[in-house]
Amino acid sequence: MKVLGVYMRIDARTILFTLFICVFGAISYMADSRDMLLNWLGVFIYVYGLATWRWESKDELFSLYSIFWSFLFIFSFGQCVMWAFHIGLDKGIGSGVLYYGTGFIPSETDMISAKWYTCISLICFHLTALAFTAKSHKRISEKKPTVDSFVNRKTLFIAGAIITTVIAPIVILQKGIEAVTSARYGYAALYYGAHATQGGYLQIISFLFFPGLIALLVGSGFSKATTRNVLIIFGVYAFMGLVSGDRGSWLYSMILLIWLLRKRPDHRKRSLLGLIIIGIIGIYFLSVITVSRNSGGIWSLSPSDFTEAFKAENSPIVDAFFEMGGSMGIITFLLAKGNAIYPYTNTYVTSILGAVSSEFLSQIGLPQVLLGDWLSQEYLSLDYGTGFSMIGEAYINGGYWGGFIYMMILGVLIGKVLRMCQTHAEITASPLKAFIAVSFTNIILGFPRGAAYLLVKEFVYGICPILLIAYLLKIILYKKGVQKEAD
């Protein structure tokens with residue numbers, strides 16, 4: 001098949017699986033038991049995404065795309081997975097008032113509408129990601145390092161060293177303050193009230209932390225000394241996050257570090273099953289952290305808190321699917337109320353225009369709107385945050401059908417970046433692309449349960465400065481004589 005002037009060979013398994021999804025989707029839509037069948041449709045779409053990406057892109061099963069796809073699915077459809085297996089049918093979205101004070105209890109019709117819309121959105125995202133990033137059937141030889149690759153690695157390493165030396169102490173100190181605040185006043189104090197630590201210049205500075213570590217690893221070619229130092233720095237950062245009750249940012253970064261370190265040429269790869277077992281144990285441990293959030297922090301935990309987590313009736317895996325999958329409540333609510341309830345400008349436009357400075361939006365007469373804050377505080381008048389969702393933002397901006405188009409566009413953009421590097425050879429030959437791909441993935445892993453505004457800003461302040469420093473170093477330090485050093 002010819003796509004954009006390139007002949008693509010589509011795996012026969014992809015064609016058969018696509019036909020199955022279409023047939024099952026039609027049956028799910030028309031059947032009397034479509035509420036339950038739609039749960040299974042979503043599960044099949046998830047497996048379809050993993051399998052077809054592997055077949056068509058020739059990537060590993062554990063890839064940057066599969067990591068993002070998994071988070072997107074769990075945040076968007078997690079509760080439905082449990083319902084498909086008849087777990088927790090009496091809880092989750094639809095079991096009571098969706099948001100306190102609204103009086104809105106999703107009906108079966110509302111749930112069917114939300115599930116159907118989510119399934120189509122996931123398919124739209126994946127198919128465009130696949131179509132615009134799949135490899136040609138023509139054999140592509142392994143990339144080989146060039147002089148330019150050598151220079152880029154060196155300058156990237158220096159840029160990472162500069163950023164980490166300056167930023168890491170500040171970020172770790174801030175994490176320490178958060179740990180103390182969480183222990184004294186509870187985890188919620190980090191986000192609300194006089195002791196809130198989120199936002200401001202410190203948050204912008206923190207955007208550079210993880211990209212700086214990635215620049216060190218990629219720029220050094222995974223040297224043992226640099227790898228050890230990076231792991232120590234990140235370990236301290238993650239520990240501080242654990243103590244404060246944070247289960248998000250450091251966890252995303254840790255998964256990506258595991259993926260990147262598996263690309264080392266001397267790495268002895270463990271089986272995917274082993275990683276899954278470690279992940280399950282990690283989920284149990286994270287459930288204990290949840291207990292500590294508002295009870296004096298991790299230091300207040302007792303041995304019974306750990307033993308309770310391993311009891312079947314307290315399964316943290318089930319809790320994780322219901323908690324993370326709660327983000328589906330956003331699109332459920334919006335579909336019931338309509339996107340006309342949002343009175344402001346397209347959020348993708350304001351995200352791009354306000355990426356460098358929110359003041360620019362004010363100067364051109366556009367409001368700075370964080371969708372989660374708008375829905376929680378302005379529209380619903382709640383004293384807590386509802387969050388938002390990637391699918392919900394697409395719907396808010398495009399309406400019912402336009403939302404699918406936005407999901408397609410996001411599929412192209414995200415798929416192309418996550419496809420930038422797959423092997424150690426590609427990382428060595430294109431270090432800047434590898435740096436961008438891993439750092440970008442770290443940013444967007446929270447996208448399924450958030451909105452674009454802060455993500456675009458994090459890209460501008462977290463990735464672009466390191467690329468700029470590396471570029472300037474390349475001009476200043478390696479303009480002359482690099483050919484001789486490379487040889």
Close side-chain approach of [X] and [Y], heavy atoms under 4.5 Å:
| X | Y | result |
| --- | --- | --- |
| N152 | K474 | yes |
| Q368 | T350 | no |
| T423 | E426 | yes |
| F333 | P106 | no |
| L156 | I466 | yes |
| H126 | Y48 | yes |
| I45 | F24 | no |
| L454 | E458 | no |

First locate atom [atom1] of [X], then atom [atom2] of [Y], and finally report the distance between them rounded to the nearest 0.5 Å.
| X | Y | atom1 | atom2 | result |
| --- | --- | --- | --- | --- |
| I444 | S439 | CD1 | OG | 11.5 Å |
| S95 | Q79 | OG | CD | 8.0 Å |
| L41 | I21 | CG | CD1 | 6.0 Å |
| I162 | L216 | CD1 | CG | 10.5 Å |
| I463 | L432 | CD1 | CG | 12.0 Å |
| W259 | S66 | CH2 | OG | 10.0 Å |

> Can K337 be said to sit on top of F104's aromatic six-ring, NZ or CZ under 6.0 Å from centre and within 45° of the ring axis?
Replying inline: yes
> Think K91 forms a cation-pi with F322, using NZ or CZ under 6.0 Å from the six-ring centre and within 45 degrees of its axis?
Replying inline: yes
[X] and [Y]: side chain donor to acceptor below 3.5 Å:
| X | Y | result |
| --- | --- | --- |
| S376 | Y99 | no |
| Y344 | E378 | yes |
| S358 | Y453 | yes |
| S107 | D110 | yes |
| E56 | T14 | yes |

> Checking side-chain contact (heavy atoms from CB on, under 4.5 Å) for the pair T386/L382: CA distance, chi angles, key distance, verdict?
Replying inline: CA-CA 9 Å; T386 62; L382 301 175; 3.6 Å; yes
Does any N or O in the side chain of [X] come within less than 3.5 Å of the main-chain N or O of [Y], such that one atom is a donor and the other an acceptor?
| X | Y | result |
| --- | --- | --- |
| R449 | G446 | no |
| R54 | D59 | yes |
| T128 | C124 | yes |
| N39 | V81 | no |
| R419 | K416 | no |

>> Can you confirm if the aromatic rings of F207 and F459 lie within a centre distance of less than 6.0 Å?
In response: no
>> In this structure, is the centre-to-centre distance between the rings of W40 and F85 below 6.0 Å?
In response: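 Yes, ring centres under 6.0 Å apart.
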>> Name the residue from F71, W53, F73 that meets the ring-ring contact (aromatic ring centres under 6.0 Å, His included) definition with Y46.
In response: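 Option passing the ring-ring contact (aromatic ring centres under 6.0 Å, His included) with Y46: F73.
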> Of F75, F440, F125, which meets ring-ring contact (aromatic ring centres under 6.0 Å, His included) against F68?
Replying inline: F125
>> Take a 6.0 Å sphere around CZ of F20 and say whether it holds more than 12 heavy atoms from other residues, nucleotides or ligands.
In response: yes
> Is D148 salt-bridged to R153, cutoff N-O under 4.0 Å?
Replying inline: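 Answer for the salt bridge query: no.
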>> Strictly below 4.0 Å, N to O, side chains only: are K115 and E108 in salt-bridge contact?
In response: no
> Please walk me through it: do T332 and M111 pass side-chain contact (heavy atoms from CB on, under 4.5 Å)?
Replying inline: CA-CA 7 Å; T332 304; M111 295 306 301; 4.2 Å; yes
> What pairs with L89 under side chain to side chain contact (heavy atoms under 4.5 Å, CB included), at least two apart in sequence or on another chain?
Replying inline: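 Counting only residues at least two positions away or on another chain, L89 forms a side chain to side chain contact (heavy atoms under 4.5 Å, CB included) with M36, W83, H86.
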>> Assess the residue pair K263 and E60 against the criterion (salt bridge (Lys or Arg N to Asp or Glu O under 4.0 Å)); give the C-alpha distance rounded to whole Å, side-chain angles, the decisive distance to 0.1 Å, and a yes or no.
In response: CA-CA 11 Å; K263 298 300 178 182; E60 293 182 351; 3.3 Å; yes
Smallest separation among heavy atoms of [X] and [Y], with atom names:
| X | Y | answer |
| --- | --- | --- |
| V456 | I352 | CG1-CA, 4.4 Å |
| L335 | A114 | CD1-CA, 3.7 Å |
| A159 | I469 | CB-CG2, 3.7 Å |
| G212 | I163 | CA-CG2, 4.2 Å |
| L353 | L366 | CD1-CD1, 4.0 Å |
| I396 | N339 | O-ND2, 3.4 Å |

>> Between Y237 and W250, is the ring pair (Phe, Tyr, Trp, His ring centres under 6.0 Å) condition met? List the steps.
In response: CA-CA 8 Å; Y237 168 82; W250 68 268; 8.5 Å; no
>> Pair V412, M408 - check side-chain contact (heavy atoms from CB on, under 4.5 Å), show working.
In response: CA-CA 6 Å; V412 175; M408 291 179 183; 5.8 Å; no
> For residues 385-439, which residue pairs qualify under ring-ring contact (aromatic ring centres under 6.0 Å, His included), counting only residues two or more places apart or in two chains?
Replying inline: Y117-Y395, Y117-Y400, Y117-F404, Y348-Y406, Y400-F404, W401-F404
> Please walk me through it: do I414 and Y65 pass side-chain contact (heavy atoms from CB on, under 4.5 Å)?
Replying inline: CA-CA 9 Å; I414 292 175; Y65 183 83; 5.6 Å; no
